[in-house]
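Encoded as structure tokens, the structure appears first; notes follow it.
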There are 2 protein chains.
Amino acid sequence: MTESKDRAFVNGLARGLAVMSAFKPDRNRMSLGELSKETGLPKTTVARLIHTLVKLGYVYADPDSGRFQLHPRVLTLGYPVMASMDKRHVALPMMQELAEYSRGTVSLGIRDGLSMILIERSRDSTVRALPLDIGSRIPIHTTSMGRAYFAAAGEFEQKDILAQIETFDPKGFKKIEKSLREGEREYREKGYCTAIGSWENDVNAVGVAVELSNDALAAFNCGGPSTRIAEENLDDLGRRLAELARHFQTADWVGQLPPRPYKGVSPP
Amino acid sequence: MTESKDRAFVNGLARGLAVMSAFKPDRNRMSLGELSKETGLPKTTVARLIHTLVKLGYVYADPDSGRFQLHPRVLTLGYPVMASMDKRHVALPMMQELAEYSRGTVSLGIRDGLSMILIERSRDSTVRALPLDIGSRIPIHTTSMGRAYFAAAGEFEQKDILAQIETFDPKGFKKIEKSLREGEREYREKGYCTAIGSWENDVNAVGVAVELSNDALAAFNCGGPSTRIAEENLDDLGRRLAELARHFQTADWVGQLPPRPYKGVSPP
DNA sequence: TTGATCGTACCGCTATGCGGTACACCATAC
DNA sequence: GTATGGTGTACCGCATAGCGGTACGATCAA
């Protein structure tokens, strides 16, 4: 119904994963109704899917509150990915160093759709909470990491990104495109991108992309709340982050990553 | 077919997740045939499931090699879990410190079935590769973390664990039980469990459990290759790890975790 | 009380996912 | 050259799995 007439498309699986993704970081205890609303699926269907997930151990049903939450077991699903990128750890000491120096957070991410997914992070030891953990998504167009990625992405991937943005947000498109182009210029001139409150108020950051050997692209950022990362320090941090990135440029230090889409071919 | 006559059990979802779990850390590029062999599902079925996963972006199909690999996007599935346990970071600085001191790795894990799943880790900066990343599973009965967990688990959960072991490995059961009971005694006497080459040759470690406020239990370990973590240092490290754990005992510092199963009730 | 929730049970229908079998392709082998 | 073993893909008839209504018992709040 929702999907096209694709004989080979297993709806149950797609819906089940949709239910899993419906759990949000800030609300990880959900009821059937909420999940139903979130996914747009009928409550009965959600009940069936959740039932399955509980049986498989991916979801935990709290008998008291009658709510559901993702079980840590889902982390195992991601583990092969983590393991395939095990070499990324060689960057950790330098990331940690910069995190301490900046008193903020240093992360590494790759693109997925219109987001960057964080695959490694380190933080200054005085940071209490860590809002951006491994696996979190941040948007491309408002963040320093995303903008740096865009700047380094090359013509074809840029087209792909822009096309997706246009589909997703036709009204804001022009403005976003302009902003991304500005970021590109900034990146060319300075070697890094800045984001001053553009992602969230009072959060400043700088971003630098790294090109990996196997046609994959990733990006670092370094940032934090403006109380820690002052606007006037961004230039210093940007230069240091670019220096950091230079150490890892074009080396097979991350591990196996999917290459960028459409290197040369336009999106379907 | 595989599952019982459960009208509410969505087979497609279960099989899809089985396919995802079929990707192993060391072999994350799989062919249809391999996946079929691994999961025991007919090739056609795997093809359909993989097709779905590719469309959803959770699996990447490499057009050159014709192989499939998990896409980093799967990390997003685990993110809400990570986020719900965000408070665990308060332990990181101390973990890091001990990792540096011991020149090994310090991790935190919780139980899932007969494994411990690692939810946080830190390592000495001179460690090159990190075999045990977030999301990885290690067995309960051969590891210091698992044995410490068992020792602290309490009667009912211990029974559950033992029952599962007996089901899984009826022959080895007696021996494993005895070994776990020994671990329990060690834990009571010394305050930590040791594992000397029992998990993998030439890997030594100590483990200590932490009881959390919401009926959840977790465990730390500290270990590494015997070239780094010598057997004669284990006592020192064990005491330090126990000291570390004491800082976090019975405090809501991890975040929302599922409580232990069957606190008082015998397994169904 | 009433009115929202919550999750569960039931049930008839048909689209859907199943798993055969067959094929086109590409290596490596000899 | 042509086997052989491996890819992934296409096709197709069938049975049933999964769908999504509707209805219900429990809770909890007001």
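Being a predicted model, the structure only gives us computed values, none of them experimental. Order of the sequence lines fixes the chain letters, A, B, ..., with proteins taken first and strands second; residue numbering starts at 1 for each chain.
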How close or far is atom [atom2] of [N] from atom [atom1] of [X], stated in whole angstroms?
| X | N | atom1 | atom2 | value |
| --- | --- | --- | --- | --- |
| A:Leu13 | D:dG18 | CG | C1' | 14 Å |
| A:Asn11 | D:dT16 | CG | C1' | 16 Å |
| B:Lys55 | D:dT9 | NZ | P | 12 Å |
| B:Leu35 | D:dT9 | CG | P | 13 Å |
| A:Ile50 | C:dC6 | CD1 | C1' | 14 Å |
| B:His51 | C:dC18 | NE2 | P | 13 Å |
| B:Phe9 | D:dA17 | CZ | P | 12 Å |
| B:Leu32 | D:dG6 | CG | P | 14 Å |

Donor-acceptor pair under 3.5 Å, B:Lys43 side chain vs C:dG19 base: no
Donor/acceptor link under 3.5 angstrom from A:Thr44 side chain onto base of D:dG21: yes
Looking at [Y] and [X], is any side-chain nitrogen of the basic one under 4.0 Å from a carboxylate oxygen of the acidic one?
| X | Y | result |
| --- | --- | --- |
| B:Asp160 | B:Arg111 | yes |
| B:Glu34 | B:Arg67 | yes |
| B:Lys43 | B:Glu38 | no |

Steps toward side-chain hydrogen bond (donor to acceptor under 3.5 Å, both in side chains) verdict (A:Arg137, A:Ser115): CA-CA 6 Å; A:Arg137 318 179 81 108; A:Ser115 325; 3.3 Å; yes
Minimum side-chain heavy-atom gap B:His71-B:Leu53 below 4.5 Å: no
5′-ward residue of the pair A:Gly33/A:Val10 relative to DNA chain C: A:Gly33
Presence of A:Thr45 side-chain N/O under 4.0 Å of D:dG20 phosphate oxygens OP1/OP2: yes
Contact under 4.0 Å: A:Arg67 side-chain N or O vs D:dT27 OP1/OP2: no
Row check, A:Tyr58 ring normal vs A:Arg73 NZ/CZ: under 6.0 Å, within 45°: yes
Candidate nucleotides C:dG7, D:dT9, C:dC18, ranked by approach to the side chain of B:Ala47 - the nearest: D:dT9
Shortest side-chain distance from A:Arg48, nucleotide among D:dG20, C:dG19, D:dT9: D:dG20
Helical bend (five base pairs per end, nearest 10°) for the helix from C:dT1-D:dA30 to C:dC30-D:dG1: 40°
Heavy-atom donor-acceptor pair, A:Ser136 side chain to A:Leu132 backbone, under 3.5 Å: no
